[in-house]
*Asks:* 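I'd like to ask you about the structure that follows.
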Amino acid sequence: MARLSLRTLSQQWDSEVQCCLEPLEGDDVHQIQEIGSYQQLQSELNGLMHTFGSASEDARRLLPSINHLRIFSLFFAESIGIEAGSRPLCGMLSLIIKLAIYVELGLAWLSPLLRETALKAELFNGYFKRDQATDALSEAAFDTHIALLRLYSGVIQFFRKNAVYQLSDTAWESLTSVFQACHADMDQALLRVEKLDSINKGDSEAKGIRRLHSFLSASTGTAAAAAATTITSTPTNTIKERANLPCVVLPSSRFSFARSYNREEILTTIRSHFALGSDGFRSIALHGVGGVGKSHIAHKFAFIESQKRAYDAILWIHSDTPSAIQQSFTEVAVRLQLPGASPQNHTENKIRVLTWLQQTSCSWLLIFDNAEEAGLLVNYWPTASRGHGIITTRNHALAFDLADKGIEVTSFEPDDGSKLLMHLLSLDVTNDVKDAEVKSALELSEKLRGHAQAISQMAGLIHRRSWTITEFIAVYERSSRQTNHRALDAVWRLSFESLATESSSFLGVVAYAAPDSIPQALFEVERLSDLPDSLQFCADVFSFSEVLETLMTMALVKRDKDTREFFVHRLVQAQFIDFMTPTDRQRAFWNVADLLYNVFPRSGGRLGQLYAQWGRCRLYLQHVLTLANHYRESNKPNIDNGRQRLKANQSFCRVYLIEQLAVQELHDLSDVAIQAYSTLEETEQDLYLDGLIQNQKAFGWYLQGKFELAKKHWKICLDLHEKISPPDHRAVAWRSYNMGLVTASTEDYATAIDWSLYAEKRWVESGDDTLSCIACLRSQQAQALTFLRRFEEARPCFDFAVNHLKMSEEWGWLAFTYLAEGNYFRGLSQFRMAESKYRAAQNAWMTGDQTRIHNFYAACLFKLGCVAMDQGDFAEAK
């Protein structure tokens with residue numbers, strides 16, 4: 001929108017405030033005007049908590065919600081320029097809380113409704129924190145504050161109209177409908193912002209295809225603006241019921257119900273909480289220290305409910321890292337078969353899933369497993385009028401921020417722990433268990449402090465060694481004395497010291513990988529030489545099976561035979577890394593690096609594209625990122641033979657991240673590569689590797705639209721590769737191509753042509769006769785010439801590029817060239833030819849990428865809309 005003047009906005013705001021205060025009683029208006037800031041509101045709330053002790057817990061739950069609303073109002077005031085904007089809202093909210101306290105269960109009803117309102121405000125806060133306040137974002141914030149004014153006024157009138165201590169369920173339902181109307185308005189505002197953010201995401205990360213290959217031309221303003229409104233694959237209400245149901249997404253073999261043994265009280269509490277109301281999204285957080293069985297309890301609840309068919313959809317979300325939660329939402333979108341869902345676009349899939357959860361009338365359960373950061377979870381938190389959610393976390397604050405209720409999962413009491421141990425050993429203990437064994441089981445449970453993970457592991461060790469519990473106690477005592485009597489340290493020591501060399505090597509690999517979904521294919525190589533020395537046993541099926549049997553018996557590793565994936569508890573990972581010697585840690589770290597280097601997909605052609613192998617890339621990307629995090633957060637294991645290892649994340653992983661426009665991951669890997677390179681001995685450092693690191697950093701800046709920074713790093717990279725002796729003409733050619741790419745993005749097309757011609761010269765000097773590579777450079781030249789309106793020079797470049805790319809397997813480059821050729825014909829006002837080229841670009845892209853949600857496909861739609869507008873065909877453009 002064109003930004004309205006401050007005076008106009010202030011007048012609109014004052015008018016709306018007056019309308020919302022007018023129906024209220026005079027004393028209520030006076031109380032509202034007394035509270036002028038959120039600081040005063042919080043002080044008022046603290047006083048109420050002190051006065052009304054019985055309601056203090058419900059009041060305390062409001063504090064995070066109030067903080068979200070405070071931040072939202074600050075952003076609103078800064079972006080709109082209305083400094084007094086938050087004053088009536090603070091006063092109205094203070095009055096609402098006071099009125100609710102005097103009603104039985106008033107705060108209990110009000111708290112989740114306000115929390116949902118605040119979570120929607122927090123979504124706005126995420127946009128304000130990430131981006132400058134655009135006119136569209138400011139408009140949405142203004143509209144949302146108007147909705148909040150009307151909401152608060154309506155709630156105050158509700159309490160005054162129902163001025164009794166005890167309200168009926170019907171009355172509370174009417175209040176809920178008032179909130180739902182406001183939430184619907186907020187959802188519409190958020191949806192507008194998300195759609196615009198999806199279209200204009202290039203302003204902060206990647207400006208569509210232009211930032212990828214400079215394909216979008218300078219369109220006529222009116223036609224471009226009108227056509228832009230048609231380019232979005234953001235889901236709409238049409239996906240409300242279109243889902244593949246029933247749908248159960250659960251880790252199948254990772255969990256054993258043993259560790260959720262005798263947790264019926266917690267399961268009953270979860271069921272009771274979910275049964276309290278049929279309206280509104282209800283959630284519960286299971287929090288406690290690592291290894292006590294939180295995830296196992298959640299899994300057991302989900303499994304039992306799935307057997308009872310209590311839910312239409314049960315969806316498990318791995319939530320420990322941004323990449324894990326993104327991938328989980330993508331899996332859910334694909335498994336639900338939501339319209340347009342594809343493994344390729346995490347952002348769109350998140351919107352699809354959250355929209356479906358919000359709009360569907362189906363029953364669903366969402367489990368966020370191993371969530372630790374509220375800031376990460378809030379962007380994926382459902383804002384729905386139904387459904388149930390479970391969080392498992394070590395962060396107890398999540399139980400008071402996002403979730404309605406928290407349950408602390410503690411270790412077993414000694415008696416329950418001993419029963420768990422006997423349960424786990426049921427196949428190894430005779431029916432007439434001796435009293436000594438029962439006593440020893442109780443003693444061991446006490447020593448392990450009832451820790452579920454520790455009891456499971458000790459049961460596995462007892463079983464593996466064919467010990468009695470009494471015999472094991474004696475061994476445990478000796479080990480405990482060697483570890484200063486720390487009970488759990490003794491558990492880990494006994495488990496890890498009992499492992500053979502092969503088992504330790506395998507556990508070292510999974511300790512440095514992501515804990516969930518470790519593909520067995522990681523260990524399956526075509527050549528024995530691709531396996532590190534300490535993992536040669538993986539090539540022998542029987543040896544590999546024996547190692548797995550040992551680790552699974554001891555509850556150190558789980559395997560899903562259907563998906564052929566391994567799982568390992570995060571606590572096991574951390575403890576084994578700590579147990580290993582520095583030399584062992586280094587070996588394990590580089591074993592993972594070597595394995596990932598061997599399995600990460602290579603491009604199918606000379607141009608380095610990975611579009612056709614995105615599925616396999618996704619399997620391993622989370623493990624590459626986890627390995628990089630380990631390096632960044634650890635004491636930096638010494639790097640031997642560093643060049644090949646660094647290339648594992650520099651070359652092939654870089655290509656995939658660029659194609660995915662994964663800017664943050666690119667920067668993260670670049671920073672780790674720079675850190676790793678600085679530890680190389682001088683004899684190991686070389687110009688090519690140093691240049692690769694600069695190249696990756698440049699791509700990160702380029703995709704963010706920071707072209708000057710990208711140009712700086714690409715120039716450094718080019719200068720380094722120019723110094724290589726003997727000359728590496730191909731490396732210089734591609735770096736020169738990149739310089740042409742970024743120079744064209746700054747609209748210096750003449751210089752871009754010079755860079756592209758220099759790249760072609762160096763490619764010819766390399767002796768490589770791959771004409772498809774020359775064709776890519778000619779395509780780049782043709783695009784720049786088109787921008788300069790030098791159409792006669794551009795024509796032969798296009799002809800050469802199209803003819804040779806059609807004979808290659810480089811469907812991506814062919815599609816890019818067709819799109820640029822469409823710009824060429826549009827510049828000549830040959831609109832029908834332009835339309836045919838844009839459709840050719842669509843078709844070429846669809847031969848390789850069968851989805852319709854990639855940015856390139858959106859660019860094709862955009863161009864078709866533009867050329868339709870050029871011809872006056874407004875219906876077609878729409």
Side-chain angles (χ1 to χ4, degrees), residues 187 191 194-195 198 231-252 281 299 302-303 305-319 323-369 379-389 516-517 519 560 562-565 611-619 621-622 660 842 845-858 861:
D187 287 338
L191 191 58
E194 295 224 10
K195 285 182 177 180
S198 178
I231 301 180
T232 173
S233 56
T234 304
T236 63
N237 291 347
T238 58
I239 72 169
K240 182 173 181 180
E241 297 299 342
R242 292 174 58 187
N244 180 39
L245 298 172
C247 180
V248 177
V249 181
L250 286 176
S252 55
F281 173 57
H299 187 272
F303 179 79
E305 297 303 298
S306 71
Q307 297 299 300
K308 291 159 50 178
R309 298 188 180 276
Y311 296 96
D312 297 306
I314 298 177
L315 312 170
W316 189 275
I317 307 296
H318 300 291
S319 309
S323 60
I325 198 169
Q326 284 179 347
Q327 185 58 47
S328 290
F329 264 75
T330 288
E331 181 185 1
V332 165
V334 172
R335 292 279 293 274
L336 283 171
Q337 297 180 16
L338 298 180
S342 156
Q344 297 171 352
N345 195 316
H346 295 316
T347 301
E348 296 291 349
N349 290 332
K350 179 191 83 169
I351 297 172
R352 282 186 170 82
V353 173
L354 291 177
T355 302
W356 182 78
L357 293 175
Q358 181 184 59
Q359 296 177 350
T360 184
S361 60
C362 301
S363 59
W364 51 266
L365 170 67
L366 201 61
I367 301 108
F368 291 95
D369 185 40
N379 293 322
Y380 293 86
W381 194 249
T383 54
S385 59
R386 66 180 66 249
H388 299 152
D516 299 307
S517 304
D560 187 328
D562 296 323
T563 63
R564 301 181 76 250
E565 292 176 333
Y611 295 117
Q613 303 189 64
W614 280 358
R616 285 187 59 214
C617 290
R618 278 190 299 273
L619 288 177
L621 178 62
Q622 62 174 326
Q660 288 281 298
Q842 271 187 317
W845 186 264
M846 290 294 287
T847 63
D849 178 6
Q850 297 298 315
T851 66
R852 299 174 183 270
I853 63 171
H854 191 275
N855 285 353
F856 182 83
Y857 196 85
L861 293 175

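In what follows, every heavy atom counts, from backbone to side chain, and hydrogens, waters and symmetry copies are set aside.
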*Asks:* Please name the pair of heavy atoms, one in R386 and one in W364, separated by the smallest distance, quoted to 0.1 Å.
*Replies:* O-CZ2, 3.1 Å

*Asks:* Could you pull out all residues at least two apart from T383 that satisfy side chain to side chain donor-acceptor pair (under 3.5 Å)?
*Replies:* K120

*Asks:* Look up atom CG in D516 and atom CD in Q327, then write down how far apart they are to the nearest 0.5 Å.
*Replies:* 12.0 Å

*Asks:* State which residues pass side-chain contact (heavy atoms from CB on, under 4.5 Å) with S363; sequence neighbours excluded, sorted by chain then number.
*Replies:* Y311, D312

*Asks:* Nearest 0.5 Å, what's the SG-CG distance between C362 and L245?
*Replies:* 5.0 Å

*Asks:* Where the side chain of T330 meets the backbone of N349, is there a donor-acceptor pair that is under 3.5 Å apart?
*Replies:* no

*Asks:* Under the salt bridge (charged side-chain N to carboxylate O under 4.0 Å, His left out) definition, can you give me all pairs with a residue in residues 324-341, not counting sequence neighbours?
*Replies:* E331-R335

*Asks:* With rounding to the nearest 0.5 Å, note down the distance linking CG in L250 to CG in L315.
*Replies:* 8.5 Å

*Asks:* Are the side chains of I314 and L365 in contact, using a 4.5 Å heavy-atom criterion?
*Replies:* yes

*Asks:* Does the side chain of H318 pick up a donor-acceptor pair with the side chain of D369 at under 3.5 Å?
*Replies:* no

*Asks:* Would you please classify the geometry between the W381 ring and the F281 ring as parallel, tilted or perpendicular, with 30° and 60° separating the classes?
*Replies:* perpendicular

*Asks:* Which residues pass the side-chain contact (heavy atoms from CB on, under 4.5 Å) test with S319, sequence neighbours left out?
*Replies:* I317, I325, F368, A371, L377

*Asks:* Roughly how far, to the nearest 0.5 Å, is CG of L357 from CZ of R352?
*Replies:* 14.0 Å

*Asks:* Run the side-chain contact (heavy atoms from CB on, under 4.5 Å) test on L338 and V332 for me, step by step, so that the C-alpha distance in whole Å, both residues' side-chain angles and the decisive distance to 0.1 Å come before the verdict.
*Replies:* CA-CA 9 Å; L338 298 180; V332 165; over 6 Å; no

*Asks:* Which residues satisfy the side chain to side chain donor-acceptor pair (under 3.5 Å) test with E305, sequence neighbours excluded?
*Replies:* R271, K308

*Asks:* Classify the ring geometry between F303 and H299 as parallel (under 30°), tilted (30 to 60°) or perpendicular (over 60°).
*Replies:* parallel

*Asks:* Between CZ of F329 and CG of L354, what distance do you get to the nearest 0.5 Å?
*Replies:* 5.0 Å

*Asks:* Please confirm whether the backbone N or O of W356 pairs with a side-chain atom of T360, one donor and one acceptor, at under 3.5 Å?
*Replies:* no

*Asks:* Who are the side chain to side chain donor-acceptor pair (under 3.5 Å) partners of Q622, not counting sequence neighbours?
*Replies:* none

